[in-house]
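Handing you a structure now.
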Amino acid sequence: MTTGSVLPLLLLGLSGALRAHHEDLTVREACKAGFSEEDYTALISPNVLEGEKLLRVKFSSCLGTKGTQYETNSLDFKVGADGTVFATRELKIPSEQVAFTVTAREHQTAEQWDAMVRLLVAQTSSPYSGHKKGKTVTLDPSQPPKDMLLPWPQRQSSSGLRRQKRDWVIPPINVPENSRGPFPQQLVRIRSDKDNDIPIRYSITGVGADQPPMEVFSIDSMSGRMYVTRPMDREERASYHLRAHAVDMNGNKVENPIDLYIYVIDMNDNRPEFINQVYNGSVDEGSKPGTYVMTVTANDADDVTTANGMVRYRIVTQTPQSPSQNMFTINSETGDIVTVAAGLDREKVQQYTVIVQATDMEGNLNYGLSNTATAIITVTDVNDNPPEFTTSTFAGEVPENRVETVVANLTVMDRDQPHSPNWNAVYRIISGDPSGHFTVRTDPVTNEGMVTVVKAVDYELNRAFMLTVMVSNQAPLASGIQMSFQSTAGVTISVTDVNEAPYFPSNHKLIRLEEGVPTGTALTTFSAVDPDRFMQQAVRYSKLSDPANWLHINTSNGQITTAAVLDRESLYTKNNVYEATFLAADNGIPPASGTGTLQIYLIDINDNAPQLLPKEAQICERPGLNAINITAADADMDPNIGPYVFELPFIPTTVRKNWTITRLNGDYAQLSLRILYLEAGVYDVPIIVTDSGNPPLSNTSIIKVKVCPCDENGDCTAIGAVAAAGLGTGAIVAILICIVILLTMVLLFVVWMKRREKERHTKQLLIDPEDDVRDNILKYDEEGGGEEDQDYDLSQLQQPEAMEHVLSKAPGVRRVDERPVGAEPQYPVRPVVPHPGDIGDFINEGLRAADNDPTAPPYDSLLVFDYEGSGSTAGSVSSLNSSSSGDQDYDYLNDWGPRFKKLADMYGGGEED
């Protein structure tokens with residue numbers, strides 16, 4: 001079924017359902033069953049699919065819809081439980097209509113009702129489709145419009161349940177797109193037979209009339225002629241569903257609305273458009289004919305059910321045309337590109353460019369519209385070329401004892417795509433290296449095989465190797481490709497001799513001997529072996545590490561002797577083992593040397609006497625209160641240590657008289673008083689300690705025991721501790737007297753220092769000039785800072801015309817930088833010819849008066865001198881003559897001392913100048 005025929009079918013089916021729904025039925029008080037109509041009509045397409053719904057019949061049952069069954073007298077159509085009529089199989093209806101009867105039955109009453117169903121076959125005509133013209137209204141733009149009359153269907157009513165006669169089937173109206181007019185162009189005329197009695201006004205509603213897009217169609221309200229107002233575009237909208245209305249002059253409905261279906265006839269006005277302008281695909285080299293490559297797709301906006309939208313594909317050109325000009329073909333309908341010839345070889349042609357053309361009108365190049373796209377086909381690589389060595393033999397050289405060294409580089413040639421699994425080489429040694437001394441690694445950049453030593457080779461064992469190496473790819477060879485005889489090669493590797501270092505066969509050699517062996521004792525021969533059997537070389541020995549310098553090695557044969565006594569208890573021995581390192585060097589070119597370690601396990605002998613512990617202890621002066629636990633320490637090891645024997649010597653006899661030892665166990669004993677009372681003090685008690693060695697060693701140790709009075713708990717009292725320390729009452733008194741004398745001396749010294757400081761401050765500042773012979777400069781005072789730290793108020797520099805502003809000030813209010821009016825202190829008058837001894841008194845009195853003068857301005861303050869006014873009785877200062885007539889004698893300055901000597905020289909020697 002085509003899209004153009006399905007759409008009017010659905011629209012007419014919907015129209016019929018709406019008419020049935022709005023049917024004006026009269027329901028009586030008593031229920032009456034039956035179909036809503038006697039005849040049902042629907043418009044269908046010539047091709048009907050299986051299960052396609054065609055229309056729906058409506059049946060009213062007094063028992064409900066569950067008890068109703070539908071049957072038909074046609075095998076091609078059935079009715080569902082909801083009244084839907086559908087096709088039982090796929091049908092192609094050649095006639096113009098199909099009619100059959102639908103029967104409804106009720107189970108309980110066994111009654112049945114019949115209704116007629118007519119299916120009208122809708123056929124469209126197009127000047128481009130080539131189909132026969134059916135019963136449709138088609139607008140031909142080449143002819144003047146005709147006055148086609150569409151009569152209004154008539155309805156009748158009967159008593160009881162309303163029944164309706166078969167409606168007129170309004171055929172669809174076909175309008176070609178892109179019409180050139182003139183517009184408005186008449187389509188049809190709609191008329192009701194009631195216009196003979198009363199004036200009727202016609203109107204249309206729906207999409208294209210009073211709904212967007214607006215005013216595509218119009219109707220003459222008086223004549224009922226319907227027009228199209230502009231060219232149609234099927235790609236914009238393919239059909240329109242309008243409803244025609246008829247009312248009288250007062251707006252009252254005269255007829256029920258009827259449905260009008262308008263179809264836009266497609267014209268070939270759109271070219272096929274490819275989804276992509278460039279398509280990329282790939283195909284393996286060596287593919288068989290018929291191998292799928294890619295699919296290109298072009299869409300045509302025209303109607304795909306007509307030739308206008310049926311696109312066909314073809315290949316226009318192929319570049320390059322090797323090995324054939326037709327390596328590919330394309331399915332004209334689906335756009336699938338496949339190979340059509342053999343011979344794809346990536347090593348010859350890596351890419352093909354194919355121009356594909358899409359044409360509508362089923363590929364008719366005379367009438368159809370075309371478009372092109374580019375298909376780029378890449379020939380992908382397969383492993384159809386095995387790697388081959390560039391030569392059959394390779395050679396290399398390697399020094400012995402060298403690892404991770406590249407011996408030879410194996411070059412291969414592979415024509416597959418570089419740096420792909422089909423090109424990457426994998427090397428394998430298949431013979432000539434049973435011990436696994438070599439491996440072949442692949443250079444990722446050059447693909448060369450690098451023969452590398454992974455296990456050191458020995459010249460004395462193998463002087464040369466003959467290897468057989470095979471090369472392959474990471475990816476397996478393609479089907480049908482065999483390995484080349486050039487995929488194997490021989491590699492000859494020569495081993496060169498080098499001077500190898502001597503080595504000690506029993507490195508970390510361990511020997512056992514007793515400590516204390518005498519100097520010069522031969523211990524062992526620690527000799528090395530030179531692996532260079534084909535070189536005549538001598539080996540010399542020397543010490544590399546001997547921490548205690550106990551050993552000596554013979555430089556020629558490696559015999560080791562003792563250079564000192566070996567002591568197991570030495571700090572250089574760890575876990576009874578002494579370790580020394582020796583060097584063996586040959587005289588080859590260049591010389592080589594090896595090291596060996598000798599470990600000497602020293603067996604202990606009883607060479608250390610035990611020592612008593614502790615060295616000091618404390619005990620009460622009366623026995624029974626406490627005792628001293630004693631033990632011993634021995635530098636030797638078992639069995640040369642405990643159990644120990646503790647005993648008191650017989651001399652002096654007071655030791656055994658005053659003290660006794662009680663054995664606790666093999667390592668401990670107790671020392672306690674034997675007598676009932678021992679005077680407080682410090683006693684040296686000798687004790688003999690003997691170990692269990694063979695032979696045993698003994699040692700007499702002294703333990704200092706402090707005997708003191710104890711309290712009831714057995715602890716020494718404070719007085720007892722002092723007494724036990726050996727200080728009597730006289731000693732304590734002497735110590736206290738010394739402390740008092742020392743404190744008295746410190747106090748007297750402090751008092752003397754204070755008195756001296758006070759005398760220094762009360763001394764006169766100035767001494768008599770006759771007694772002062774020092775030529776010093778005395779700094780009396782500072783006159784303040786310079787000009788940069790003064791902040792002046794420049795307004796104070798103004799000269800007043802009178803003194804009223806000073807005299808009119810209130811008492812106690814004055815400027816800090818003005819000289820106040822009032823009594824001034826009397827400063828001392830300097831005598832005309834002062835006595836040298838009065839200079840100091842004069843200066844001190846003037847300083848004291850200045851400090852106590854409240855009218856004196858502070859340092860660094862601005863002094864304001866009042867303006868005296870014009871006509872001052874005082875003359876110019878410059879007119880004043882010096883009071884000195886030049887006859888003044890300044891020789892007396894020489895009598896004032898060294899400080900005034902400079903003034904005496906300046907003024908006293910004026911006549912000489």
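Starting from 1, each residue takes its place in the sequence as its number.
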>> By the definition side chain to side chain donor-acceptor pair (under 3.5 Å), identify the one residue from N385, D384, N422 that meets it with R415.
In response: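 The side chain to side chain donor-acceptor pair (under 3.5 Å) with R415 is passed solely by N385 among N385, D384, N422.
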>> T88: which residues meet the side-chain hydrogen bond (donor to acceptor under 3.5 Å, both in side chains) condition with it, sequence neighbours left out?
In response: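 Checked T88 against side-chain hydrogen bond (donor to acceptor under 3.5 Å, both in side chains); zero matches.
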> Taking C-beta and beyond as the side chain, do R201 and M249 meet within less than 4.5 Å on heavy atoms?
Replying inline: yes
>> I'd like to know if the side chain of N196 pairs up with that of R191 as donor and acceptor (distance under 3.5 Å, no hydrogens or angles considered).
In response: yes
>> Side chains of P476 and N383, heavy atoms from C-beta outward: is any pair under 4.5 Å?
In response: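 They are not in side-chain contact.
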> Taking Q211 for the side chain and P213 for the main chain, is one N or O donor matched with an acceptor at less than 3.5 Å?
Replying inline: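 Checking the backbone N and O of P213 against the side chain of Q211, no donor-acceptor pair under 3.5 Å is found.
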>> With a 4.5 Å cut-off on side-chain heavy atoms, are I337 and V356 touching?
In response: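 Counting from C-beta outward, V356 and I337 do come under 4.5 Å.
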>> Tell me every residue that passes ring pair (Phe, Tyr, Trp, His ring centres under 6.0 Å) with F274, counting only those two or more places apart in sequence or in another chain.
In response: none
> Would you say the side-chain atoms of N250 pair up with the backbone N or O of N252, donor to acceptor, closer than 3.5 Å?
Replying inline: no
> Between the side chains of Q69 and R105, is a donor N or O closer than 3.5 angstrom to an acceptor N or O?
Replying inline: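 Side chains of Q69 and R105: no pair found under 3.5 Å.
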>> Is it the case that the side chains of N473 and D414 hold a donor-acceptor pair, with the cut-off being a distance below 3.5 Å and no angle test?
In response: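 Checked: D414/N473 side chains pair up, N/O donor to acceptor below 3.5 Å.
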>> Please list all pairs meeting salt bridge (Lys or Arg N to Asp or Glu O under 4.0 Å) that have one or both residues in residues 79-93, counting only residues at least two apart or in different chains.
In response: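 Pairs touching residues 79-93 that pass the test: D76-R89.
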> Looking at residues at least two apart in the chain, or sitting in another chain, which of them share a ring pair (Phe, Tyr, Trp, His ring centres under 6.0 Å) with Y367?
Replying inline: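 Listed in chain order: nothing, the list is empty.
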> Which residue pairs satisfy the salt bridge (Lys or Arg N to Asp or Glu O under 4.0 Å) criterion with at least one member in residues 213-222, sequence neighbours excluded?
Replying inline: none
>> Any heavy-atom pair between the side chains of Y279 and V354 that's under 4.5 Å?
In response: no
> With R237, which residues qualify under salt bridge (charged side-chain N to carboxylate O under 4.0 Å, His left out), at least two apart?
Replying inline: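 With sequence neighbours excluded, R237 shows a salt bridge (charged side-chain N to carboxylate O under 4.0 Å, His left out) to no residue whatsoever.
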> Quick one: does D302's side chain get under 4.5 Å of E235's, heavy atoms only?
Replying inline: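 Yes, at least one pair of side-chain atoms sits under 4.5 Å.
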> Any side-chain heavy-atom pair from V98 and I44 closer than 4.5 angstrom?
Replying inline: no
>> Is it the case that the side chain of Q277 and the backbone of T372 share a donor-acceptor pair, with hydrogens and angles ignored and the cut-off at 3.5 Å?
In response: yes
> What are the two closest heavy atoms between D416 and V382, and how far apart are they?
Replying inline: OD1-O, 3.2 Å
>> Taking side-chain hydrogen bond (donor to acceptor under 3.5 Å, both in side chains) as the definition, give me every residue that meets it alongside N326, ordered by chain and number, with sequence neighbours left out.
In response: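 Scan of N326 (side-chain hydrogen bond (donor to acceptor under 3.5 Å, both in side chains), adjacent residues dropped) gives none.
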> Who pairs with D381 by salt bridge (charged side-chain N to carboxylate O under 4.0 Å, His left out), at least two apart in sequence or on another chain?
Replying inline: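 Only R346 meet the salt bridge (charged side-chain N to carboxylate O under 4.0 Å, His left out) criterion with D381.
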>> Suppose we screen for ring pair (Phe, Tyr, Trp, His ring centres under 6.0 Å). Which residues come up paired with F217, at least two apart in sequence or across chains?
In response: Y240
> Is a side-chain donor or acceptor of Q474 paired with a backbone partner of N424 at a separation under 3.5 angstrom?
Replying inline: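 Pair absent, no side-chain N/O of Q474 close to backbone of N424.
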> Which atoms form the tightest heavy-atom contact between L344 and F328, and what is the distance?
Replying inline: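 Smallest heavy-atom distance, with atoms named: CD2-CZ, 4.3 Å.
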> Which atom pair, heavy atoms only, marks the closest approach of F59 to E106?
Replying inline: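 Scanning both residues completely, I find the closest heavy atoms to be CE2-OE2, 4.3 Å.
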>> If only side-chain N and O atoms count, and only distance matters, is there a donor-acceptor pair under 3.5 Å linking D303 with N308?
In response: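 No, D303 and N308 have no side-chain donor paired with an acceptor closer than 3.5 Å.
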>> Going by the rule side-chain hydrogen bond (donor to acceptor under 3.5 Å, both in side chains), which residues pair with R312 if we only count those two or more places apart in sequence or in a different chain?
In response: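 For R312 there are no side-chain hydrogen bond (donor to acceptor under 3.5 Å, both in side chains) partners, ignoring immediate neighbours.
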>> Taking S324's backbone N and O only, do any of them form a donor-acceptor pair with Q318's side chain (distance below 3.5 Å, no angle check)?
In response: yes
>> Test of understanding: with side-chain hydrogen bond (donor to acceptor under 3.5 Å, both in side chains), list the residues that count as partners of Q417, not counting sequence neighbours.
In response: none
Name each donor-acceptor pair under 3.5 Å that joins a side chain in residues 291-299 to protein atoms two or more places apart or in another chain, with its distance.
residue	atom	partner	partner atom	Å
T291	OG1	K288	O	2.6
Y292	OH	T295	N	3.2
Y292	OH	T295	OG1	2.6
T295	OG1	D336	OD1	2.5

